[in-house]
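Down below is the structure, laid out as structure tokens.
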Amino acid sequence: MLANRPTSRWIHKIMKDLNTEIACIRLGNIHVIPLTSPEIACEIMTKQDSIFASRPRNWSSEHVSGGFLSTILVPYGEQWKKMKKIMSNELVSPKRLQWLQLKRVEESDNLVRYVYNQCNKNGGGLVDVRLVFNARHFGKGREDGGPDFEEVEHIDAIFTVLRYLFAFSISDFVPCLRELDLDGHKKELKKATKLITKYHDPLIEDRIHQWNSGKRTHQEDLLDVLISLKDVNDNPLLTLDEIKAHIMDIMIATVDNPSNAFEWALAEMLNQPETLRKATEELDSVVGKERQVQESDIPKLNYVKACAKEAFRLHPIEDINAAHLSMEDTFVANNTYFISKSSYVILRRQGIGQNPRIWKETFKFKPERHLEKDHDGFKNLSLNEPSLKLITFGKGRRSCPGMVLGSSMTIMLFARMLHGFEWCMPSDETTIDLSESQRGTTKAKPLIAHAMPRLPEEAYQIS
Ligand code: HEM
């Protein structure tokens with residue numbers, strides 16, 4: 001495990017050499033079952049969902065989830081049910097999304113304003129796409145809408161947590177070596193979670209104090225919602241630690257996917273200007289050139305959605321994320337493969353998205369492949385893929401509750417950036433290098449692209 005880093009790439013090589021879509025690799029005492037077969041993935045997430053609905057109980061998950069108090073990393077059981085219900089019904093329900101719509105518009109406006117301001121700086125608009133889109137406001141932010149030191153530090157720490165959480169830490173697979181921290185993951189995770197809580201905890205504690213002292217009586221955001229939830233006896237439903245764990249979950253669940261997808265999609269599209277042209281033509285015909293894209297435009301933006309979906313297929317932020325733990329011995333694929341109790345089943349997001357049996361011209365960025373016509377014309381394309389031929393939000397009990405929010409955040413990011421700006425390569429480049437980083441599936445070099453406003457100035461006058 002120490003010699004073959006990153007482990008995800010090593011697993012990919014093993015499966016490629018064996019020419020298999022399912023494998024069993026023993027790491028420490030644990031059977032790890034990586035999958036690139038959509039059919040077996042579907043069986044596991046539907047017919048056998050009740051067997052595979054748990055998560056591993058390891059050090060990294062325990063540390064990040066505040067002692068298994070949240071949703072994403074928590075083994076199947078009462079705590080997971082409680083927190084998932086709150087997440088689905090109280091935080092990302094349609095009613096709540098409607099309630100927070102204005103805040104989302106404000107965030108989109110901020111982002112457009114920031115890129116617009118960048119265009120007018122340094123004699124013409126070179127934008128570091130990763131820096132801009134990985135950064136979301138946490139503190140006050142800068143005058144021009146950009147990220148300040150606090151936001152950068154906070155967001156970097158979240159990305160560090162995501163990098164190490166599912167990175168096959170020795171401490172998680174060989175617990176007796178945990179104290180030695182041979183790969184250094186434990187130290188990195190501890191440092192990153194400490195940085196995050198440095199920003200979160202005072203805000204959460206102060207907010208609870210405001211509610212308790214009667215200074216605050218109106219809910220304005222999700223933190224207020226979490227603090228105000230009551231049990232049947234009218235006592236607070238969540239403890240302070242549960243609220244903190246929930247906020248951590250929201251942060252790690254939300255931040256990485258949309259920004260990574262946009263960076264990769266734009267890189268691919270700059271190498272294939274035809275795709276950029278089609279996307280902007282669609283945006284101009286649906287939205288016009290006098291205003292910014294709004295969420296209500298989304299149903300009509302099929303080509304833009306296809307670009308996002310293609311980025312999720314080819315370039316998911318990680319090949320491997322949360323494992324599904326089997327709670328019983330079982331067989332899959334018509335009794336062909338035995339999976340023992342306590343195995344870690346891993347849906348390899350990139351392995352599935354790049355499965356050559358499923359996808360023709362596998363490595364080509366080709367948004368058109370997601371556009372299907374039925375007798376009424378083009379369908380309203382969804383980023384979700386229930387067939388699991390690519391993994392966007394998963395399926396079954398452990399599927400993503402944030403599908404609607406995650407989809408609209410991603411599509412709005414794509415749509416606003418492609419509609420509001422003309423993008424081209426820096427003048428000294430003729431092609432964008434599409435290599436992946438040594439660590440995994442992120443881009444090796446941050447994408448630097450030239451942005452120019454393409455709408456009349458009034459369209460950027462955002463209040
Ligand atoms: C484009 C954005 C997003 C993508 C692509 C995405 C994708 C995923 C995937 C692949 C999983 C794992 C499913 C599995 O284990 O089989 C997941 C789980 C989860 N996601 Fe998302 N997600 C996104 C946004 C969000 C948002 C906005 C939220 C909430 C604010 C959220 C909350 C969660 C939670 C709580 C889980 C864990 C569910 C469980 O273990 O029961 N996600 N997501």
Side-chain angles (χ1 to χ4, degrees), residues 64-66 69-74 78-111 135-141 145 147 150-151 154-155 158 196-255 257-258 294-296 298 393 400-413 462-463:
V64 174
S65 65
L69 289 179
S70 58
T71 313
I72 306 178
L73 304 167
V74 176
E78 289 312 311
Q79 182 66 19
W80 169 75
K81 282 187 198 160
K82 172 180 169 184
M83 299 304 257
K84 182 126 187 193
K85 196 167 151 199
I86 292 173
M87 181 74 91
S88 307
N89 298 351
E90 303 291 344
L91 303 187
V92 291
S93 64
K95 199 176 102 212
R96 196 64 75 199
L97 293 184
Q98 187 61 35
W99 183 62
L100 289 173
Q101 205 222 348
L102 280 180
K103 283 196 175 14
R104 289 198 300 283
V105 172
E106 219 173 89
E107 278 296 320
S108 303
D109 290 352
N110 243 342
L111 190 59
R136 203 172 151 271
H137 290 285
F138 189 73
K140 279 190 191 144
E150 291 87 355
E151 284 88 46
H154 175 252
I155 222 80
I158 289 178
I196 298 171
T197 50
K198 176 182 94 177
Y199 288 107
H200 291 187
D201 288 1
L203 284 176
I204 297 171
E205 285 159 21
D206 177 58
R207 190 70 74 80
I208 292 179
H209 181 70
Q210 288 182 33
W211 277 97
N212 289 346
S213 64
K215 258 203 211 151
R216 200 175 180 95
T217 48
H218 265 74
Q219 293 180 7
E220 284 177 21
D221 58 24
L222 295 181
L223 181 54
D224 289 331
V225 173
L226 290 172
I227 295 170
S228 310
L229 290 171
K230 297 278 189 268
D231 67 11
V232 282
N233 301 317
D234 213 29
N235 293 320
L237 182 62
L238 296 174
T239 64
L240 174 60
D241 287 342
E242 284 177 326
I243 294 173
K244 289 179 177 173
H246 229 125
I247 297 290
M248 177 71 99
D249 249 16
I250 296 173
M251 289 291 171
I252 62 175
T254 311
V255 149
N257 280 294
Q294 301 301 324
E295 285 187 0
S296 53
I298 288 178
F393 301 101
C400 178
M403 187 175 84
V404 178
L405 176 60
S407 296
S408 58
M409 282 169 61
T410 307
I411 300 159
M412 282 298 281
L413 175 62
I462 299 154
S463 55

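Just so you know, these numbers use all the heavy atoms, side chains as well, and skip hydrogens, waters and symmetry mates. Along the sequence shown, residues carry numbers from 1.
- Ring planes of His200 and His154: tilted class, angle from 30 to 60°.
- Residues Asn233 and Asp231 come closest through the heavy atom pair N-OD1, 2.9 Å.
- The shortest side-chain heavy-atom distance between Leu238 and Met83 falls under the 4.5 Å cut-off.
- The environment of NZ in Lys230 is crowded: more than 12 heavy-atom neighbours from other residues, nucleotides or ligands sit within 6.0 Å.
- Using a 4.5 Å cut-off on side-chain heavy atoms (C-beta onward), Ile252 and Ile196 make no contact.
- Shortest non-hydrogen contact noted between Ala245 and Ser70 is O-CB, 3.6 Å.
- Using a 4.5 Å heavy-atom threshold, the side chains of Val92 and Val404 count as separate.
- Looking at heavy atoms from C-beta onward, Thr71 lies out of side-chain contact with Ile86 at the 4.5 angstrom threshold.
- With a 4.5 Å cut-off on side-chain heavy atoms, Ile243 and Ile227 count as touching.
- Counting heavy atoms from C-beta outward, Arg207 and Asp221 have side chains that approach closer than 4.5 Å.
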Taking it one step at a time, do Leu226 and Ile247 satisfy side chain to side chain contact (heavy atoms under 4.5 Å, CB included)? CA-CA 9 Å; Leu226 290 172; Ile247 297 290; 3.8 Å; yes
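- In terms of modelled atom types and a separation under 3.5 Å, the side chain of Asp206 and the main chain of Pro202 share no donor-acceptor contact.
- Across every non-hydrogen atom of Gly402 and Phe393, the tightest pair is O-CE2, 4.5 Å.
- Using a 4.5 Å heavy-atom cutoff, the side chains of Met412 and Ile298 are in contact.
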Between Val255 and Ile155, does the side chain to side chain contact (heavy atoms under 4.5 Å, CB included) criterion hold? Intermediate values first, please. CA-CA 8 Å; Val255 149; Ile155 222 80; 4.1 Å; yes
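- To the nearest 0.5 Å, atoms CZ (Arg104) and CD (Gln294) are separated by 11.5 Å.
- To the nearest 0.5 Å, atoms CG (Asp249) and CG (Leu91) are separated by 10.0 Å.
- Considering every non-hydrogen atom in both Pro258 and Leu413, the closest pair reads O-CD2, 3.6 Å.
- For the atom pair OG1 of Thr197 and CD1 of Ile204, the computed distance is 9.0 Å after rounding to the nearest 0.5 Å.
- Between the OG atom in Ser228 and the CD1 atom in Ile208 there is a gap of 10.0 Å [rounded to 0.5 Å].
- Between Glu242 and Leu237, the closest side-chain pair of non-hydrogen atoms is not below 4.5 Å.
- Looking only at distances, no side-chain donor or acceptor of Thr254 sits under 3.5 Å from a matching main-chain atom of Met251.
- Using a 4.0 Å cut-off between charged nitrogen and carboxylate oxygen, Lys103 and Glu106 do not count as a salt-bridge pair.
- Note that CD1 of Ile250 is 9.5 Å distant from CD1 of Ile72, once rounded to the nearest 0.5 Å.
- Judged by distance alone, the side chain of Arg96 and the main-chain N or O of Leu222 form no donor-acceptor pair under 3.5 Å.
- Closest non-hydrogen pair, Met248 versus Val64, comes out as CG-O, 3.8 Å.
- Partner of Lys81 under the side chain to side chain contact (heavy atoms under 4.5 Å, CB included) criterion, chosen from Lys85, Glu78, Lys84: Glu78.
- When the shell of 6.0 Å around NZ of Lys198 is examined, it contains more than 12 heavy atoms from other residues, nucleotides or ligands.
- Considering all non-hydrogen atoms of both residues, Leu69 and Gln79 come closest at O-NE2, 2.8 Å.
- In this structure, Gln219 CD and Trp211 CH2 are separated by 5.5 Å, a value rounded to the nearest 0.5 Å.
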